[in-house]
Amino acid sequence: SKPPIRVAVTGAAGQIGYALLFRIASGQMFGPDQPVALNLIEIEPGLKPLQGVVMELDDCAFPLLTEVVQTSDLAEGFKGVNWALLVGSVPRKAGMERADLLGINGKIFVGQGKAINDNAAKDVRILVVGNPCNTNCLIAKEHAPDIPADRWFAMTRLDENRAKTQLAQKAGVPVSEVTNLCVWGNHSPSMYPDFYTAKIGGKSAAEVIGDEAWLKETFLPKVGKRGAEIIGARGASSAASAANAVVDTVVALTTPTAPGSFTSVCVLSNGEYGVPEGIITSLPIRTDGNKWEVVKGIQLNEFSKEKIAASNAELTEEKKVAFEALQG
Ligand code: NAX
């Protein structure tokens, strides 16, 4: 049988980990014929709850799951991994400044970047979920000089999925009718789910909805504040939908994109669409399942350009604050 794909998951004992590991082990990420091995990475206090999660993985008797490693040692954790899903990070606590948060997480991602560089498999690809995910990804990448820049991703797929469902519900169509929905910018409330470029049943979403006031004043804030809305209702942040978006992102990056279609993910910018170079920002991409490229030729109107520029200005500032905090 095929050799397993080895997947590292940091923060494996957390909420998202609890929803994510079972989907990887069941074959939903790499397919029903592909064995997987899991390298589960936690900080010390997370190791005991992690044991419980691993007992549950055992009790699922997943036929595809060949091995589970549990560790707080980064060299052991990233040894030979083909994918590194960086979910764990330190959440913002009351009274904590944004710069403090960027500094604390920055240090974590320096260490993880180095450990991935020195230990991962040659073909490693990295997806950062832990917030601030764009800047965390950039910091890890900067500390992994041997790993090509096109292997680094941060996640906006949850925002993309949220936006698709809102448009589908408004138009009264199944969500599968909504395609080409690019989220641009930072994974933060400033991100821009581009309803002008999106399609519903192959036609312009903005035209099908036919209500720009709703799109600008209801849809955009709804998607931007969806995370807060879920915390308000559930008393905890989105976890199952976040884990689902991790699965969707990896599937989107490892299988050919449907003709004429695209998805969005945060990657290192090279100045496409006037975006500043050298930030990890969400862009429209397509792939043959191995090599990916930024989709070219999307026409952006002034409204879209302004929204994208504002979110990327936030990322440029985050980068500056984070790298200053790391030096200080
Ligand atoms: P939890 O607090 O439930 O779990 C985080 C886990 O990470 C904990 O078990 C903790 O022990 C562990 N951890 C902390 N520092 C670590 C380190 N240095 N190495 C390894 N493990 C470490 O959070 P959860 O709800 O699972 O969310 C995880 C992260 O995802 C958060 O940063 C959250 O903000 C982020 N999210 C990102 C999303 C995105 O779309 N990019 C959406 C969902 C989510 O909000």
Side-chain angles (χ1 to χ4, degrees), residues 9-24 28-29 46 49 53 85-96 98 101-102 105 127-137 153-176 178 181-195 198 205 209 214-252 263-266 282 307 311 314-315 318:
V9 180
T10 69
Q15 280 205 95
I16 295 175
Y18 193 67
L20 176 62
L21 302 179
F22 299 86
R23 297 197 52 189
I24 303 173
Q28 288 180 302
M29 186 172 272
V53 179
L85 307 176
L86 307 185
V87 179
S89 74
V90 174
R92 189 162 172 178
K93 300 191 183 84
M96 198 190 267
R98 235 178 100 247
L101 183 73
L102 285 164
N105 279 304
L127 174 64
V128 182
V129 177
N131 281 318
C133 64
N134 298 60
T135 301
N136 288 341
C137 181
F153 307 94
M155 191 170 91
T156 38
R157 180 62 182 247
L158 180 54
D159 307 300
E160 180 179 328
N161 286 347
R162 286 169 171 168
K164 280 182 171 168
T165 297
Q166 293 303 319
L167 291 180
Q169 289 181 354
K170 179 72 175 173
V173 300
V175 70
S176 56
V178 184
L181 191 303
C182 179
V183 171
W184 299 81
N186 194 3
H187 169 67
S188 84
S190 78
M191 52 87 200
Y192 174 56
D194 182 357
F195 52 81
I209 301 272
W214 180 85
L215 288 164
K216 290 177 178 169
E217 286 149 35
T218 305
F219 167 77
L220 288 185
K222 179 89 177 175
V223 177
K225 295 179 192 156
R226 185 67 161 182
E229 194 185 353
I230 287 168
I231 294 173
R234 205 173 85 87
S237 59
S238 24
S241 56
N244 178 68
V246 176
V247 175
D248 282 354
T249 305
V250 174
V251 170
T263 186
S264 44
V265 67
C266 309
S282 194
K307 287 281 177 197
S311 191
E314 182 181 76
L315 275 174
E318 249 183 44

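We count residues from 1, following the sequence as given.
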Checklist entry - If you look at every heavy atom in Ala240 and Ala19, which pair is closest and at what distance? => result CA-CB, 3.9 Å

Next on the checklist: For the NZ atom on Lys164, are there more than 12 heavy atoms of other groups (residues, nucleotides or ligands in this structure) within a distance under 6.0 Å?
Outcome noted: yes

Item to check | Pairwise side-chain contact, Met29 with Leu85, heavy-atom cut-off 4.5 Å (strictly under) | outcome: yes

Checklist entry - Distance from Gln28 atom CD to Leu20 atom CG, nearest 0.5 Å? => result 10.5 Å

Next on the checklist: If you compare all heavy atoms of Ser241 against all heavy atoms of Leu158, which two are closest, and at what distance to 0.1 Å?
Outcome noted: O-CD1, 3.5 Å

Checklist entry - Does some side-chain heavy atom of Arg23 sit less than 4.5 Å from a side-chain heavy atom of Asn244? => result yes

Checklist entry - Which atom names give the shortest non-hydrogen contact between Cys266 and Asn134, and what distance separates them? => result SG-ND2, 3.4 Å

Checklist entry - Which pair of heavy atoms, one from Ile230 and one from Ser238, lies closest together, and at what distance? => result CG2-N, 3.9 Å

Next on the checklist: A quick test of your reading: do over 12 heavy atoms of other residues, nucleotides or ligands sit less than 6.0 Å from CZ of Phe22?
Outcome noted: yes

Item to check | Backbone N/O of Asn186 and side chain of Ser282: donor-acceptor pair under 3.5 Å | outcome: no

Checklist entry - Mind checking what makes side chain to side chain contact (heavy atoms under 4.5 Å, CB included) contact with Thr135, not counting sequence neighbours? => result Leu102, Ile139, Leu315, Glu318, Ala322

Checklist entry - Step by step, would you call Ile24 with Val250 a side chain to side chain contact (heavy atoms under 4.5 Å, CB included)? => result CA-CA 10 Å; Ile24 303 173; Val250 174; over 6 Å; no

Checklist entry - Is a donor on one side and an acceptor on the other found under 3.5 Å between the side chain of Asn136 and the backbone of Pro132? => result yes

Checklist outcome for this item: To the nearest 0.5 Å, atom CD of Glu314 lies from atom OG of Ser190 at 3.5 Å

Checklist entry - Of the non-hydrogen atoms in Met155 and Ala242, which two are nearest, and what is the gap between them? => result CE-O, 3.6 Å

Checklist entry - Per the side chain to side chain contact (heavy atoms under 4.5 Å, CB included) rule, which among Leu167, Asn161, Asp159 passes with Leu181? => result Leu167

Item to check | Spatial distance of atom OG (Ser237) from atom CD1 (Ile16) [nearest 0.5 Å] | outcome: 6.5 Å

N/O donor-acceptor pairs under 3.5 Å from side chains in residues 219-228, not counting sequence neighbours:
from, atom 1, to, atom 2, distance (Å)
Lys222, NZ, Glu229, OE2, 3.4
Arg226, NH1, Glu229, OE1, 3.3

Checklist entry - Can you tell me if Glu160 uses its side chain to pair, donor with acceptor, with the backbone of Ser264 under 3.5 Å? => result yes

Item to check | Residue pair Ala154 / Leu127: nearest heavy atoms and the distance that separates them | outcome: C-CD1, 3.9 Å

Checklist entry - Is the backbone of Asn131 close enough, under 3.5 Å, to the side chain of Ser89 for a donor and an acceptor to pair up by distance? => result yes

Next on the checklist: Using side-chain heavy atoms (C-beta onward) and a distance below 4.5 Å, is Ile209 in contact with Trp214?
Outcome noted: yes

Next on the checklist: Listing request: all salt bridge (Lys or Arg N to Asp or Glu O under 4.0 Å) pairs with a residue in residues 239-251, at least two apart in sequence or in separate chains.
Outcome noted: Arg157-Asp248

